[in-house]
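One structure is given here, and the rest of the page talks about it.
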Amino acid sequence: MTEQEIKQEMQSLADQLEKLDRAYHLEDSPLVSDAEYDALRRRSEELEARYPQWIPKNSLSKRVGFGVAQGFQKAEHAVPMLSLGDIFSDEEVVDFMDKIHRFLDLPNDAPIEIVAEPKIDGLGFSALYEKGRFVRGATRGDGVVGEDITANLKTIPEVPQVLQHDLLDAAEVPALLDVRGEVYMAKRDFLALNQAQAQKNDKMFANPRNAAAGSLRQLNPAITAERHLSVFAYALGAYEGVPFATHWDFLQHLKKWGFPVNPLIQVCHNVGEMLAFFHHIESIRSSLDYDIDGVVYKVNSFDLQKRLGFIARSPRWAIAHKFPAEQATTILKKIRIQVGRTGALTPVADLEPVNIGGVLVQHATLHNADEIVRKDIREGDTVVVQRAGDVIPQIVRVVVEQRPEGARPFQFPTTCPVCGAHAVKEGDDAVTYCMGGLTCPAQAMERLKHFVSKDAFDIEGLGDKNIEQLYKLGWIKNPTDIFTLEEKHSFDFLALGGWGQKSALKLFDAITQKKNLPLHRFLYALGIPEIGETTAKILAAHFKSWQNLLDVVRQETALEQLMQVDGIGATMAQEIKDFFDEPHNQVLLRDLCQYVVPQDYEENNQQRPLKGKTFVFTGTLSMPRDEAKAMVQSMGGKVSGSVSAKTAYVVVGDEPGSKYTQAQKLGVVILNENEFKKLLDEVKK
Ligand code: IVH
């Protein structure tokens, strides 16, 4: 690999891991399985070990976890909450112990006690006690600052409000104690919760860990209280007034103070005992009523822990030995295509049911068309299936030797199996999307919500809930139905729960008011992929009227003409063209425009505060260059590739080129990214 390629891969890994971490920690909804995440992380660590000089700024190795989600108070940890290094094989356990001996300058066979514990698959917490009273609860956050979840932790009965102690012996209560542990949801409680969620038509959780995280990180602690959460305590943060010589000793105290401590913990005296513990726990894993994803080994002596210290973000005295993903072999009967709410076509494998680690698996996700080609997966194949933390299993590989004669490569559909519209895979995107948009039943409800949302039609009284209600009744199945609602259903509303005559009339009125809508809002409402608010404005400003735009997209040279619009790139142009080429959309627009008349774009200076100003960009910005360009253009500014005396601003990112020096020479105003954003915010006002 060339230097450039290595740097690129390292940056791409850092970006991917950042995105995955965000989804996992802040949004409680993982995008990939734990096994895939671990593979990416390993690759990133490997490259960073070899090329430390090129470690990207946003690398995982430079942060411990993920920060504080919006809405929570910050809670600082006096002693950082660190994470653990991972190992996956028996040899690495030997290695771990060898390193400890070497570091302590002890012979390889010197006895060192290790406490082995199950690694609970939940969410780390810190519970702070002052003079024996619970005063503050926190999540791990980035390890230094977490989220204040005091009110939420208070609702978990297993977290003692007051440390239990012998009333006659006040000396037993530490002045300060920060107990760390894991909040988790028992499998039984998880199944019950998901059942209840399904009945209420509420969000289902992918696995107990996400359910625990979603339940604990609630701004409204009343919701946490309704969910059955449990805890195990296993580590010590800051403390004053209680000396412990060993981790084991500390765990025994935790029990006395009233904390649940995992009953399977054990002291090991050598690698043999550690491995025996690991394999025993692995064998009983599926019979436990809580998810675990490995075991943790910790040096028992606090003295030795202190001497061993930390490397980067994890202790040298502890390590997590992770279980391999659970796998089994079965037959793939059929590849089925599901259409999601966004229109994404996702292939799903229907499997001959197979038991993997105590769970009956009948389906696996195939992600997208590329994945099927890459792994050469065909109907009738024998496949290795893996469950890795998540409920949705995946196909690891095909056992090609067992492929039945005549099995053919899978033909990914070119039309949507739900509505029959074209299904298109565009640019580098691996995902195939249905072009039916508003007319496809699989997408309609979400698309309708977008259609009436604040920056689109903005119809008062038609929020998400009402769209759902009216969609399910079949009264609003597509946008045109909104405008015929009064004519077709005004009497029905009187009999409908939650609606009175007054509120129905108000709604009809709000709908009528929106029949003449500015062109850019109308374009945005259509939900054309890639066409956000900014691009919709650019299109409106360029074409001025709906008719002008229609005239262009109907021409053979539509693509070229669209690409000539400043701020419209090749992908956007293609998306626009695909949208207007789709016959389902043509019917929709014909019907809709009988009721709605998009208003010609009016150029007023309020919408074009940057008119006459030319911007030049140089260096790497944290936002995509195209987006920055589009923002300037949507406000009437121009973007140029070279600096001259006429340039109003040069926006400088990381590692700027010669344009930067040129700007300095000519005395052009230079902005960094933050200043640039501030400028846009200000002129918008
Ligand atoms: S000890 C400095 N013990 O695993 C060491 N962690 O990947 C502190 N975890 O952030 C952690 N079970 O949330 C420890 N028995 C256990 C654990 C455990 C689960 C979690 C914990 C930690 C993560 C590290």
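Counting starts at 1 for both ligands and their atoms, following the listed order.
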Quiz prompt | Residue that, paired with H247, satisfies side-chain hydrogen bond (donor to acceptor under 3.5 Å, both in side chains) out of E117, E113, Q252 | solution = E117
Quiz item: When S59 is tested against each of E18, E45, E48 for side-chain hydrogen bond (donor to acceptor under 3.5 Å, both in side chains), which residue passes?
Solution: E48
Practice problem: Among L264, I281, I284, find the residue that satisfies the side chain to side chain contact (heavy atoms under 4.5 Å, CB included) test when tested with I292. | Solution: I281
Self-check item: Identified side chain to side chain contact (heavy atoms under 4.5 Å, CB included) counterpart of T139 within the set L153, D148, I149, N152
Solution: I149
Quiz prompt | Protein residues having a heavy atom less than 4.0 Å from any atom of ligand 1 | solution = L84, E117, P118, K119, I120, G124, R140, E182, Y234, V296, K298, P315
Quiz prompt | Near-ring test F205/F190, centroid separation under 6.0 angstrom | solution = no
Quiz item: Taking everything shown except E655 itself, do over 12 heavy atoms lie less than 6.0 Å from its CD?
Solution: no
